[in-house]
Structures are given as structure tokens and as C-alpha cells.
Amino acid sequence: MKLGDPEIPTDVREKQAATTTVVPVPAFSKDEVKVIFVLGGPGVGKGTQCANLVRDYDFVHLSAGDLLRAEQARPGSEFGELISTYIREGKIVPQEITIALLRNAMQDALKKGHSKVLIDGFPRKMDQAIKFEEDVAVSEFTLYFDCSEEVMLQRLLKRGETSGRSDDNIESIKKRFKTFVDTSMPVIDYYRGQNKVITVPCEKTMEEVYDLLKEKISDRMSI
């Protein structure tokens, strides 16, 4: 005689459900995509160096800030005004919006055959880092572009003369500096504790910084 499945008492079943841990599975595996986070204070030159890597080594450059500004300007966007307010105040846009934009952009890149991704200006705080790696992809390492606030301020004020960006003014810049120190440095410290940070000093010429950057990346991965 074949026995049926044993009846599990309700209280035991509820306890099992409560103690079962569901491990999140990222949307992209490490075999599919190589993600490098790119962090540094505003005006440090992340965008310029990412553009160099794209030109020479077939990386895809995804700027969290550029994606947010594009969404802000997109006609009919339900998040446009919210994003505008956060950027103007130098605050961090809610992570759900940023992560969704990055995931969509990564999907587009993979469809075009690009698997090495530089994510510029993200994650800017710990909960973003954790959520992205749980839901989207685990990073290879983080590039940290290091520069003094004095040099970054000079660069941003110079850029503001022609950029037309609402946050390239001294009041917004100072807010962004404080936000970076308060929220992004703990992310860098977290990954440094995992031996997953490459620090690149950025007060020399752009050419010198790029030469050092190439050397440091090639020590960690094939480019």
C-alpha cells in the first residue's frame, strides 16, 4: 500500500516558512557580464577616464547620473520632477529608480554583444550596493578615483561655465561633496574590506591618470 505524504501540523509548517531563507538570484551571472563600479567625488574625472576605456577596450559606460538626467528629460516620465528635485538638492535619487534604469541599460548592452560594463557614479550608498548585487549583478571590483575637494571644485566651476547643468554651482557642489563623504565613502570602505577596490589618484594630468588606470585594471582582469 502506498502511503500519502505525511500531514504537517499547521504550527510546524508556519515555523518552517518563517525560518526559510530565500537567497536572491541576480538577473545577470558573472559569466554573462563583468561589472565594475566607478566611484569618486564630483568633478574627479570619472567620465573622461570611462570614455577612454570604452574607446580602447570595448567597455560599455553607464553613467547613473546621465541615465537619471535622460529619464528626467523624457516626455511623460512619471519620475521626471522627482529626479529633478533630488539632483537640484544634491540628494540621492531613490534606489528603485536608478537600479531599474541601470538594469534596462545593461540588457540593451548585452543584446549588442557588450559584456564589460563600467557603472559610473553608482552605488552611492550601501543599500544601493547591496540591492544591486542581489537583484542585478555582482561586481568584479570598484574603481575609486581619489582627488582633493579643492581640485574637484575648480574643475566643476570651470565645467559649469558651459555645461548648463543645474547642479554645477557652488551651493549644489558643496552639498554633493558632503553627500559623497557621508554616504559613498562607506561603500568604498566596505568593498576595500573585501579587497575589491582599486584606488586611482587623480590630481595629475588626464593622460597620466589614464596610464595608471590601465596598469591597475590589467592587474585584476584581462582587458
Side-chain angles (χ1 to χ4, degrees), residues 17-18 20-30 32-42 44 46-47 50 59-112 114-144 165-168 172-173 175-191 193-194 196-197:
T20 299
T21 300
V22 178
V23 179
V25 178
F28 306 104
S29 72
K30 295 191 75 171
E32 289 178 294
V33 65
K34 305 296 183 187
V35 172
I36 299 173
F37 293 143
V38 183
L39 293 176
V44 77
K46 301 187 303 296
C50 285
F59 280 93
V60 171
H61 175 211
L62 301 181
S63 165
D66 287 350
L67 289 171
L68 287 167
R69 281 184 285 274
E71 180 65 18
Q72 172 190 345
R74 184 173 65 83
S77 170
E78 61 179 305
F79 303 115
E81 184 58 36
L82 182 147
I83 293 171
S84 178
T85 299
Y86 274 80
I87 290 177
R88 186 170 58 248
E89 294 297 321
K91 297 178 181 178
I92 295 175
V93 174
Q95 65 179 17
E96 294 80 7
I97 297 173
T98 307
I99 290 174
L101 293 174
L102 286 169
R103 181 168 53 246
N104 291 342
M106 287 174 63
Q107 288 173 338
D108 290 341
L110 283 172
K111 288 176 183 177
K112 297 174 183 177
H114 301 295
S115 61
K116 294 187 297 186
V117 181
L118 300 164
I119 300 187
D120 175 2
F122 181 95
R124 293 183 63 194
K125 55 181 183 175
M126 276 308 307
D127 59 346
Q128 287 185 344
I130 293 168
K131 187 66 173 173
F132 181 91
E133 292 204 332
E134 284 181 349
D135 292 356
V136 184
V138 176
S139 66
E140 295 292 310
F141 53 83
T142 295
L143 285 174
Y144 169 43
R165 283 178 47 168
S166 63
D167 56 346
D168 275 350
S172 289
I173 290 168
K175 288 179 180 177
R176 290 158 67 196
F177 284 158
K178 185 177 188 309
T179 298
F180 178 76
V181 170
D182 291 346
T183 63
S184 295
M185 284 307 300
V187 176
I188 294 165
D189 291 339
Y190 169 75
Y191 284 118
Q194 300 180 15
K196 289 178 63 174
V197 171

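In this chain, residues are counted from 1 in sequence order. Small disclaimer: the values here were computed from a predicted structure and weren't measured. FYI, side chains are in, hydrogens and waters are out, and symmetry mates aren't considered; it's all heavy atoms of this structure.
- Thr85 places a side-chain N or O within 3.5 Å of a backbone atom of Glu81 that can act as its donor or acceptor partner.
- One distance of note links CZ of Phe79 with CD1 of Ile97; it measures 5.0 Å at 0.5 Å rounding.
- Between atom OG1 of residue Thr183 and atom NZ of residue Lys91 there is a gap of 13.0 Å, rounded to the nearest 0.5 Å.
- Proximity of Arg124 to Thr179: side-chain heavy atoms (C-beta onward) are separated by under 4.5 Å at one or more points.
- Here Lys131 does not pair with Glu96 in a salt bridge; the nearest charged N to carboxylate O distance is not below 4.0 Å.
- Taking 4.5 Å as the limit, some side-chain heavy atom of Ile36 sits within range of a side-chain heavy atom of Phe141.
- With a 6.0 Å cutoff to the six-membered ring centre and a 45° limit on the axis angle, Lys196 does not count as a cation-pi contact of Tyr191.
- Separation of the Phe37 and Phe132 ring centroids falls under the 6.0 Å cut-off.
- Met106 places a side-chain heavy atom less than 4.5 Å from the side chain of Ile119.
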Problem - side chain to side chain contact (heavy atoms under 4.5 Å, CB included) assessment of Leu110 paired with Gln107 - result: CA-CA 5 Å; Leu110 283 172; Gln107 288 173 338; 6.0 Å; no
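- The two atoms that bring Val181 and Pro186 nearest to each other are O-CD, 3.8 Å, heavy atoms only.
- Heavy-atom minimum distance, Leu82 versus Pro94: CD2-CD, 3.7 Å.
- Remark: Asp66 CG to Arg69 CZ distance equals 5.0 Å, nearest 0.5 Å.
- Put simply, OG1 on Thr142 and CZ on Phe122 are 10.5 Å apart, with the number rounded to the nearest 0.5 Å.
- When all heavy atoms are compared, the tightest approach of Lys46 to Gly40 is NZ-O, 3.4 Å.
- Within 6.0 Å of NZ on Lys178 lie no more than 12 heavy atoms contributed by other residues, nucleotides or ligands.
- When side chains are defined from C-beta on, Val60 does not count as touching Lys112, because their heavy atoms never get closer than 4.5 Å.
- Counting heavy atoms from C-beta outward, Thr98 and Gln95 have side chains that stay 4.5 Å or more apart.
- For Pro123 against Leu39, the heavy-atom pair with the smallest separation is O-CD2, 3.3 Å.
- Across all their heavy atoms, Leu68 and Ile83 have their closest contact at O-CG2, 3.6 Å.
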Practice task
Start with the C-alpha gap between Ile92 and Tyr86, add the side-chain angles, then the distance that decides, and say whether side chain to side chain contact (heavy atoms under 4.5 Å, CB included) holds.
Solution key: CA-CA 6 Å; Ile92 295 175; Tyr86 274 80; 5.7 Å; no
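- Note that NZ of Lys34 is 11.5 Å distant from OG of Ser139, once rounded to the nearest 0.5 Å.
- Side-chain contact check for Gln128 versus Val187: every heavy-atom pair is 4.5 Å or farther apart.
- One distance of note links CD1 of Ile188 with CG of Leu143; it measures 10.5 Å at 0.5 Å rounding.
- Residues Ile87 and Gln72 share a closest heavy-atom pair of CD1-OE1, 3.6 Å.
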